[in-house]
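Note that these values count all heavy atoms, side chains included, but never hydrogens, waters or copies made by symmetry. For this chain, numbers begin at 1 and follow the sequence in order.
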Amino acid sequence: MKTSGIQQDGNHYYMTKNNQNNNYQIEVRNNQGGDPNVAHLTGTYQYDPTTNQIHEMNPITGNYDN
């Protein structure tokens with residue numbers, strides 16, 4: 001969260017997966033309002049701990065952009 005600048009609040013959920021390339025994929029979801037059983041995707045990110053960089057996935061191309 002510190003690297004990405006994403007603010008954590010009570011309506012956001014973070015799912016983290018360690019990829020085989022030692023990067024982490026992070027899904028940020030929000031369940032504010034509407035159906036309490038649905039958490040809408042806010043963004044997908046890839047974090048590289050060796051460079052301390054985070055990249056956001058472009059939802060159209062599926063590629064991680066700087």
Side-chain angles (χ1 to χ4, degrees):
M1 288 186 302
K2 182 179 177 181
T3 301
S4 70
I6 297 170
Q7 299 297 315
Q8 183 177 11
D9 66 32
N11 296 317
H12 284 96
Y13 296 92
Y14 306 87
M15 290 163 276
T16 305
K17 174 185 167 190
N18 187 342
N19 293 332
Q20 292 179 349
N21 59 2
N22 291 324
N23 289 332
Y24 294 87
Q25 179 177 317
I26 304 160
E27 284 186 19
V28 180
R29 294 187 173 266
N30 184 309
N31 74 338
Q32 183 175 7
D35 187 343
N37 298 311
V38 176
H40 301 281
L41 182 63
T42 301
T44 304
Y45 302 86
Q46 187 175 57
Y47 173 66
D48 183 345
T50 57
T51 63
N52 201 37
Q53 292 186 342
I54 192 161
H55 304 281
E56 185 172 4
M57 179 188 280
N58 181 320
I60 295 173
T61 66
N63 295 325
Y64 288 95
D65 300 330
N66 293 339

(Q) Is there a path of hydrophobic side-chain contacts, each under 4.5 Å between heavy atoms of I/L/V/M/F/W/Y residues, joining Y64 to Y47? (A) no
**Q.** Point-to-point distance, once rounded to the nearest 0.5 Å, from CE of M57 to CG of L41
**A.** 9.0 Å
Q. Closest approach of N22 and P49, non-hydrogen atoms and distance?
A. O-CD, 3.5 Å
Q | By side chain to side chain contact (heavy atoms under 4.5 Å, CB included) - contacts of T16 (at least two apart) | A | Y24, I26
Q: Kindly write out the residues that satisfy side chain to side chain donor-acceptor pair (under 3.5 Å) with T50, not counting sequence neighbours, or none if the list is empty.
A: D48
(Q) Can you list everything that forms a side chain to side chain contact (heavy atoms under 4.5 Å, CB included) with N19? Sequence neighbours excluded, please. (A) K17, N21, Q25, Q46
Q) Residues two or more places apart in sequence or in another chain: which of them pass side chain to side chain contact (heavy atoms under 4.5 Å, CB included) with H40? A) V38
Q: Give the cluster check for Y45 versus Y14: same hydrophobic cluster or not, with ILVMFWY residues linked at side-chain heavy-atom distances below 4.5 Å.
A: yes
(Q) Can you list, by chain and residue number, the hydrophobic cluster partners of M15 when the side-chain cut-off is 4.5 Å? (A) none
